[in-house]
Amino acid sequence: MFMPTIFIFRHLSMFHFGAEAGSMLRFMLTGRWKRGSMSETESSNEYREQRLANLAALQMLGYPPYGRAFERSGSLSELRAAFEEGRTVKAAGRLATVRDMGKSIFADLRDGSDRFQLYVQMKTLGEEAFKAFNLLDLGDHIGIEGELFTTRTGEATIKITRWTLLSKALLPPPEKWHGLKDVEMRYRQRYLDLIGNPEVRELFNKRFAMIREIRQYLADRGFMEVETPMLQAQAGGAAAKPFVTHYGALGSDVYMRIAPELYLKRLLVGGFDKVFELNRNFRNEGLDRTHNPEFTMLEIYEAFSDVTGMHELIQGMITHVAQSVFGSLVIGEGETALDLTPPWREVTYHALVKEKMGEGWFDLPLTDACAQAEALGLSLDPGWDLLMVTHEVYEKTIEPSLIQPTFVTRLPANLVPLARTCSDDPSLVDVFELVIRGQEVAPAYTEMNDPIEQRQRFLDQVGDDASKLDIDFITALEHGMPPAGGMGVGIDRLMMILSGAEAIRDVILFPQLKRKAD
RNA sequence: GGGCCGUUAGCUCAGUCGGUAGAGCAGCGCACUUUUAAUGCGCGGGUCGUCGGUUCAAGUCCGACACGGCCUACCA
């Protein structure tokens, strides 16, 4: 269903068109006749000046520089899919390349879906509209009407009969062949990265597809998506440093959340049995290859389930996403290829440590254990006990070596204050950490629902500072939280793994960077 | 926070032993009605990240700073 598009083509006969008009307007605007007469201090604006002159010239010729809605026959990829020799179509997009042949021009139009070649012929278009076309610059958005045909070299092309200006670009697009390489500019001006580097746009298309599939996967299994506070009076649910901000109306400081966990559990108390939240967390920590201060986290809670239920859920979810979005369960090639074919390896924390350090590790005297750890090149703190030394060994040498997906289970209780202990061993908790490519992707727990024990664990963690205790959360538990499985999934890291990205900045559109000095 | 590397035209990059700056793309001009990294001829474009130092002379050597990258540290 298409509304007829109204093209307004006004013709001003008092001007000769094209370059002459451009020069005349440039003179009128700047008082200078030739570019060469401009001082070198204006050099950084040379492109802008040139384009402003072209804009003014186009405007005088009846082409308003910033148009409104333009009815298209379809996106460029839709036009390509429905190609039919001789059909009249309307299309819109950004002028990507121009090959000027004199009395005819080939140009590439690009939109969010594809590129499409335009053939601009003086004979077809008429001399005035043709000359006005010459005032366009790379990066301008135009709307066109024309006829589909195939060139001598076999390329689907639109021979345009009319065109209109939709948006004049005052600054040039990135270099057409090499694309935009400057890493800083790629992140700070991501739009230029997206214009110049099609593979970047494709990666973010896939990120959207991945998130859409995850939401659908969970919705299909009866999970409800919720939003809980990002501004919190106490930043709980994880042990990270929060960002502090000030709430003027309340006259008090509030924290950006570091995790939604404590609110999602309140919802379990309230009777929502299957909930998830997929949104941003904020942690006031350093920046590196795998850390951005704001990152996207998926947290899932399921009443009457436990860590085993989470195991099934995450394995199913990731393999589904890999297959449907990335088309394969094998990521990468050769030695470093990742094979996501289920079932994934499941191994206890203790077994992994023994595998690395020997069967007798947990019976070693502390000094012997420290000696062995230091022999691996680890630097230890003198105050550490065997559990802490063990965990250092795990984090620094074992976890990074787990390339293929691995569920590490039954972690020491002191590492995980919000999880329930194993029924056969109170020193361990009923959890797993899913590790892929040496990175912790998803921790899951059988959640602690005993308010008395929860209060004690919090107190153990924060010391005597009762002000850091989330009393309201404890109160919620006292109203009775059903036994539950819970899980967190780092969406950015999952995206890195599935797309093969080396840095978290490559999967976040606008990653945090240092502020530019003024 | 520490170490190493980088910053040259709008973009992508060269720049030798310290001797006053180069290419491709983009831009401007001319030619060209089936090209596609169009082509050919011509032209313009630089505070060599910033500040200071050494030197007759600094893009080049030295120091500080800014920003970026990698490593490391911190980090549920």
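All chains are named by letter (A, B, ...) in the order of the sequence lines, taking the proteins before the strands, and each is independently numbered beginning at 1.
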For RNA chain B, stems built from three or more consecutive Watson-Crick or G-U wobble pairs below 3.5 Å: B:1-7 with B:66-72, B:10-13 with B:22-25, B:27-31 with B:39-43, B:49-53 with B:61-65
Polar atom pairs (N or O), protein with nucleotides 40-42 of chain B, under 3.5 Å:
none

Does the side chain of Arg188(A) get closer than 4.0 angstrom to OP1 or OP2 of G68(B) through an N or O atom? yes
Please determine whether a side-chain nitrogen or oxygen atom of Lys241(A) lies at a distance below 4.0 Å from atom OP1 or OP2 of C75(B). no
N or O in side chain of Gln50(A) less than 4.0 angstrom from C28(B) OP1/OP2: yes
Please state whether the phosphate of G68(B), meaning OP1 or OP2, lies under 4.0 angstrom from any side-chain nitrogen or oxygen of Lys181(A). no
Spell out yes or no: do the side chain of His178(A) and the base of C11(B) have one donor N/O and one acceptor N/O closer than 3.5 Å? no
Contact class for Gly179(A) vs. all strands (heavy atom < 4.0 Å): base, sugar-phosphate, or nothing? sugar-phosphate
Minimum-distance nucleotide (side-chain atoms of Glu285(A) versus A37(B), C74(B), C75(B)): C75(B)
Please confirm whether Phe106(A) and Tyr119(A) have ring centers closer than 6.0 angstrom. yes
Sorted by chain and number, sequence neighbours left out, salt bridge (Lys or Arg N to Asp or Glu O under 4.0 Å) with Asp472(A) holds for Arg266(A)
Phosphate contact (A38(B) OP1 or OP2) by Arg99(A) side-chain N/O below 4.0 Å: yes
